[in-house]
Amino acid sequence: MRDTMASTSNDLPVRQLVLGANLAQMRSRCGVSPLHAAATARVGTDELARWESGQAPPPAKGLQHLMRLYGQPPAVHDVLARWATASPDDGTRHGLVDAASGCQARLAALELYAVRIQAFSNYTVPTLVRSSAYADNLERMRSSVLLGLTGPRRWRRPVVTGPHSWEHVDVILDASVLTRGFDVDPGNDHPLADQLKYLCKVVHDQRADIRIIPTGTGYAMDVEDSDLLGLTLPGPQNASVWVQTTPDSVTYINGPRSQEHQRAFDGLSTRAEARPLSAVLLHQAAAACTARQVAQQ
């Protein structure tokens, strides 16, 4: 189940990695070839590749040319220009907080650029494991930024917690899913029954392998009121960036702190690997919930 990200990621400033991923996604979205983009920026394709992979920031003129080519507004240009010109010693080498307008779109660009994604969600209930009746009873999610878990057609197959690849998804759920709905009033069994029935269908249709941890998630690091993404970026160095999200900001992390998150995530995955697939538990919980509903009628 575990699909470990590179634990020895390079020491590139995290702002360069995020900047480069955004440049690559802008070019791809606009259908511009590397040759055309490089010519517009007055550089060779090798230098453009260095910018897009985060190995070097683009100079002011080069970035300006690309922003014009990609049709980006001044506000986006200003954010990327700040990242490109930040001093290596300004404290943002391994941590970058993006609280400017459009931070969700910049996170989405990094998600789409990544080749491997892992996620830990405290407060976001992904559509893959959320029935419609369940969703109707949910309070407003505390994080609206984790687009990979909540937005349609973001990742090919969404993931709650667990390693993600393009071919397969593993989902780890807390045992509370068997007895109560997330943010649903106690005693309201209808959304819980609908949710359990839906999870049984997810398993039956082989949309995901679900494992249930019986004693709480126990993530080994404090992520407070946020969701957490681990992204492996393409390229020979396989740079890793962990992303902590809140409703108002996105924090990008690499270096030692990123490695701590990876170790904690691997520990969580190891616990789940020891558990069997949860089809039987889900069917038992669904039957018990249905029996309670019948008894209450």
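Model, not experiment: these values are computed from the prediction. As a basis for the values below, the full set of heavy atoms in this structure was taken, side chains included, without hydrogen atoms, waters or symmetry mates. Sequential numbering from 1 along the given sequence is applied to the chain's residues.
With a 4.5 Å cut-off on side-chain heavy atoms, Val202 and Leu282 do not count as touching. Counting heavy atoms from C-beta on, the side chains of Arg93 and Val14 never come closer than 4.5 Å. Within the 4.5 Å cutoff, the side chain of Leu66 has heavy atoms near those of the Leu48 side chain. Annotation: side chain of Leu233 is in contact with side chain of Leu110 (closest heavy-atom distance under 4.5 Å). Side-chain contact between Leu96 and Trp83 is present, with at least one heavy-atom pair separated by less than 4.5 Å. A heavy-atom distance below 4.5 Å is not found between the side chains of Val250 and Arg106. Taking 4.5 Å as the limit, every side-chain heavy atom of His94 sits out of range of all side-chain heavy atoms of Ser258. Looking only at side-chain heavy atoms (C-beta outward), His261 and Leu229 stay at 4.5 Å or farther from each other.
Summarising the geometry of Ala109 relative to Asn22, their closest heavy-atom pair is CB-OD1, 3.4 Å, with the distance given to 0.1 Å. Across Ala41 and Trp51, no two heavy atoms sit closer than the pair CB-CZ3, 3.7 Å. Counting all heavy atoms, side chain and backbone alike, Ser249 lies closest to Val97 at CB-CG1, 4.5 Å. Closest approach of Ser278 to Ile212, counting heavy atoms only: OG-N, 2.9 Å. Looking at every heavy atom in both residues, Pro58 comes nearest to Ala84 through O-CB, 3.8 Å. Leu69 and Ala37 get closest at one heavy-atom pair: CD2-CA, 3.9 Å.
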Could you go through residues 24-35 and list every donor-acceptor pair under 3.5 Å that involves a side-chain atom there, pairing it with any protein atom two or more places apart or in another chain?
from	atom 1	to	atom 2	distance (Å)
Arg27	NE	Glu52	OE2	2.7
Arg27	NH1	Val32	O	3.2
Arg27	NH2	Glu52	OE1	3.1
Ser33	OG	His36	N	3.1

(request) Please test Arg15 against Leu80 for side-chain contact (heavy atoms from CB on, under 4.5 Å), starting from the C-alpha separation and ending with a verdict. (result) CA-CA 9 Å; Arg15 63 180 177 278; Leu80 300 190; over 6 Å; no

(request) Take Leu63 and Leu23, measure what side-chain contact (heavy atoms from CB on, under 4.5 Å) needs, and give me the verdict at the end. (result) CA-CA 9 Å; Leu63 181 61; Leu23 291 178; 4.0 Å; yes

(message) Please determine whether side-chain contact (heavy atoms from CB on, under 4.5 Å) holds for the pair Ile253 and Val241, giving the CA-CA distance in whole Å, both sets of side-chain angles, and the decisive distance to 0.1 Å.
(response) CA-CA 6 Å; Ile253 306 161; Val241 176; 5.9 Å; no

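Atoms CH2 and CZ, from Trp242 and Arg257 in turn, are 11.5 Å apart once rounded to the nearest 0.5 Å. Put simply, CG on Asn254 and CG on Leu231 are 11.5 Å apart, with the number rounded to the nearest 0.5 Å. Remark: Asp205 CG to Cys200 SG distance equals 11.0 Å, nearest 0.5 Å. Taking SG from Cys289 and CD from Gln195, the interatomic distance works out to 10.5 Å, rounded to the nearest 0.5 Å.
Screening residues 63-79 for side chain to side chain donor-acceptor pair (under 3.5 Å), with sequence neighbours left out, gives no hits.
In this structure, Lys61 has no side chain to side chain donor-acceptor pair (under 3.5 Å) partners at least two apart in sequence or on a different chain.
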